[in-house]
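Working notes for the structure below.
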Amino acid sequence: MVGLSEGEQEFIKGGIAQDLRSDGRKRYTYRPIYVETGVIPQANGSARVRMGSTDVIASVKAELGRPSAMQPDKGKVAIFVDCSPTAEPTFEGRGGEELSAELSSALQHCLLGGKSGAGAGIDLSSLVVVEGKVCWDLYIDGLVISSDGNLLDALGAAIKAALSNTGIPSVHVAAEAASDEQPEVDISDEEFLQFDTSGVPVITTLTKVGKHYIVDATLEEESQMSSAVSISINRQGHICGMIKRGGVGLDPSVILDMISVANFVSRQLMDKLDSEIAAADADEDES
Amino acid sequence: MEFVSPEGLRLDGRRPTEMRQLRAEIGNVAKADGSAVFEMGNTKVIAAVYGPREVQNKSQQMSDQALVRCEYSMANFSTGDRMRKPKGDRRSTEISLVIRQTMEACILTHLMPRSQIDIFVQVLQADGGTRSACINAATLALQDAGIPMRDIVTSCSAGYLNSTPLLDLNYVEDSAGGPDVTVGILPTLDKVTLLQMDAKLPTNTFEDVMQLAIEGCKAVANYIREVRKFLLIAVDIVGLCLVIKFRITFVF
């Protein structure tokens with residue numbers, strides 16, 4: 001819970017109206033982003049992303065499983081988010097579950113495409129080992145360590161960074177087994193396949209405060225929002241998913257306007273993120 | 001299985017009485033009143049302290065002392081195999097209780113009546129000795145929050161495998177089924193506040209193992225004091241720079 005006096009509320013709203021927010025940013029400026037990759041050695045890929053005092057970790061674990069009968073030529077990806085009570089005392093016990101569920105489903109909408117897996121940022125058919133029998137199941141876990149607003153964008157960025165850091169062991173399938181049997185597989189511990197993450201979208205959340213909308217809202221700014229729209233956009237400028245939160249209705253024309261702003265802002269974010277990820281990977285290789 | 005080679009080296013190349021590398025950071029969670037990251041080898045935990053603040057649940061308020069609460073949680077990705085355990089399983093509840101009791105014993109709760117102190121520990125990586133790492137992280141976080149304490153609490157575990165007492169067990173050694181002694185001490189007062197052991201051990205061997213664990217605790221205490229000292233120096237330097245800056249602006 002954010003406790004703000006009436007004066008502080010007016011200050012935040014007034015600042016946004018004048019394009020000078022309380023931390024000195026403009027409406028469409030992000031806080032500095034720091035990316036660290038390979039933070040969890042036990043995972044196949046991991047990354048930690050910090051935006052101001054928002055701090056999240058994403059990890060990717062790959063396990064061999066069976067493809068679903070509906071899509072024998074595709075692997076499976078699941079996203080879970082956990083809100084640690086270190087971020088906010090109210091997340092203690094089951095307190096964080098509601099927000100965790102909201103964030104996980106929002107990320108699934110934004111990154112995994114529809115039920116069929118079409119339009120997903122991750123190429124699901126690259127996860128298949130033997131069609132209809134063996135595939136990789138990717139478990140993406142997000143953990144919120146410190147929360148100061150804009151969790152969804154931070155988690156989206158962390159997942160993108162973690163995926164680019166992910167190495168999936170290459171698998172050798174033993175000689176042809178009978179068609180109804182599960183083939184034997186041999187997992188290599190030396191050869192790894194890298195993911196192509198150029199298609200993974202970034203998520204940009206536009207938070208509407210008063211008449212204007214802002215990117216990368218802090219917790220204080222989020223407490224003053226009327227509604228927020230999260231849009232995930234990929235490198236080609238295609239919209240991959242969209243979610244609206246907050247109770248107040250939006251005019252359809254405002255939404256279209258928001259999309260064009262998001263398109264512009266997300267390109268900057270994506271460039272920034274790509275260079276941060278490259279720098280973080282280089283750092284990790286050195287150490 | 002052989003846990004100590006004929007040359008006297010353990011699986012990860014340590015000597016029997018050698019600890020894993022320690023690393024600590026303070027002030028990672030900006031929103032918390034105090035926070036710390038503590039690493040013992042591959043075990044990595046983060047602790048955050050909120051308080052002393054108003055008691056959230058009025059019925060728990062105590063008029064003569066502060067209420068100390070603690071929650072231990074493990075990240076899904078912290079273990080080798082992905083965990084799908086719900087929150088609040090029995091193991092977490094037990095460890096939360098252990099940490100709470102240990103920290104409560106050293107916090108000067110009578111100085112903060114009608115208030116509440118929350119300690120949250122989150123395991124990011126588990127490789128044996130999470131209990132000890134959590135207590136060490138909680139100590140640092142409490143110090144960072146400036147909460148009055150009798151003394152710091154430090155903790156370390158020791159075990160007994162292949163008829164050798166081993167300090168600071170990792171996951172493989174911990175799951176070998178041998179005895180595992182976790183000790184927590186108040187290093188300045190030289191008192192033991194936490195002692196847990198599973199499996200059986202002859203009395204005279206137990207003395208050796210416990211002594212080894214206490215030595216480990218003292219080493220951790222020295223490290224924690226170093227971290228604090230370094231932090232205080234850093235604060236001094238920042239303060240000094242500010243003073244110099246102000247002087248310069250004043251002169252010109």
Side-chain angles (χ1 to χ4, degrees), chain A residues 1-3 31 38-48 50-63 65 78-97 100 104 137-149 158 162 218-220, chain B residues 25 27-37 39 41-51 53-57 69-89 92-93 96 116-127 134 137-138 141 171:
Chain A
M1 263 314 278
V2 193
R31 289 171 283 187
V39 287
I40 308 290
Q42 285 132 326
N44 293 80
S46 59
R48 177 177 179 186
R50 281 182 295 151
M51 285 177 169
S53 10
T54 294
D55 193 339
V56 298
I57 292 183
S59 91
V60 180
K61 271 199 178 163
E63 281 172 21
I79 301 181
F80 301 92
V81 177
D82 209 0
C83 293
S84 166
T86 55
E88 185 90 50
T90 48
F91 294 161
E92 189 188 2
R94 303 204 170 275
E97 256 169 33
S100 306
S104 334
D137 292 344
L138 287 192
Y139 292 98
I140 302 178
D141 284 297
L143 179 70
V144 178
I145 292 178
S146 175
S147 123
D148 190 14
T218 62
L219 213 53
E220 275 88 27
Chain B
E25 263 175 60
N28 291 68
V29 184
K31 292 242 132 188
D33 294 308
S35 60
V37 172
E39 285 178 45
N42 271 331
T43 298
K44 183 173 182 178
V45 302
I46 184 162
V49 170
Y50 288 85
R53 55 187 188 134
E54 203 179 333
V55 180
Q56 303 296 304
N57 183 355
R69 300 174 71 222
C70 178
E71 189 176 294
Y72 166 97
S73 43
M74 283 180 99
N76 280 334
F77 48 73
S78 61
T79 43
D81 288 321
R82 217 187 85 89
M83 234 182 15
R84 262 161 277 182
K85 258 186 274 171
K87 262 191 165 182
D89 56 315
S92 319
T93 316
S96 305
Q116 163 178 350
I117 299 166
D118 288 291
I119 306 168
F120 298 113
V121 283
Q122 172 82 47
V123 178
L124 298 180
Q125 284 173 66
D127 185 26
C134 285
Y171 180 73

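Numbers restart at 1 for each chain; the letters A, B, ... are given by sequence-line order, proteins then strands.
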Worksheet entry | With sequence neighbours excluded, residues passing side-chain hydrogen bond (donor to acceptor under 3.5 Å, both in side chains) with Asp127(B) | none

Discussion item. Tell me if a side-chain donor or acceptor on Glu71(B) pairs with a main-chain N or O of Gly93(A) at a distance below 3.5 Å.
Written reply: yes

Practice prompt. Name the option with the most non-hydrogen atom pairs under 4.5 Å to chain B; the candidates are Ala43(A), Ala87(A), Gly52(A).
Written response: Ala87(A)

Worksheet entry | Region of Ser147(A) in contact with chain B, defined by heavy-atom distances below 4.5 Å | backbone

Worksheet item: Under a 4.5 Å heavy-atom cutoff, which of Val39(A), Leu143(A), Thr54(A) has the most pairs with chain B?
Response: Leu143(A)

Discussion item. Under 4.5 Å from any heavy atom of chain A, what part of Thr79(B) do you find: side chain, backbone, both or neither?
Written reply: backbone

Worksheet item: Please walk me through it: do Asn76(B) and Tyr139(A) pass side-chain contact (heavy atoms from CB on, under 4.5 Å)?
Response: CA-CA 10 Å; Asn76(B) 280 334; Tyr139(A) 292 98; over 6 Å; no

Fill in: Smallest separation among heavy atoms of Ser73(B) and Pro85(A), with atom names
OG-CD, 3.9 Å

Worksheet item: For the atom pair CD (Glu92(A)) and CZ (Phe120(B)), what is the distance rounded to the nearest 0.5 Å?
Response: 4.5 Å

Worksheet item: What heavy-atom pair brings Ser84(A) and Gln122(B) nearest, and what distance separates the two atoms?
Response: OG-OE1, 2.7 Å

Response to the item:
Residue set satisfying side-chain hydrogen bond (donor to acceptor under 3.5 Å, both in side chains) with Gln116(B), at least two apart, ordered chain then number -> Asp118(B)

Practice prompt. Would you mind reporting whether Pro89(A) and Gln56(B) have side-chain heavy atoms less than 4.5 Å apart?
Written response: no

Discussion item. Could you tell me if the side chain of Leu124(B) sits less than 4.5 Å from the side chain of Ile145(A), heavy atoms only?
Written reply: yes

Item to complete: Side chain from CB out, backbone as N, CA, C, O: work out which of these in Val60(A) comes under 4.5 Å of a heavy atom of chain B, or both, or neither.
Response: neither

Practice prompt. Identify which part of Tyr50(B) has an atom lying under 4.5 Å from any heavy atom of chain A, answering side chain, backbone, both or neither.
Written response: side chain

Practice prompt. State, with a plain yes or no, whether a side-chain heavy atom of Gln125(B) is found less than 4.5 Å away from one of Ile40(A).
Written response: yes

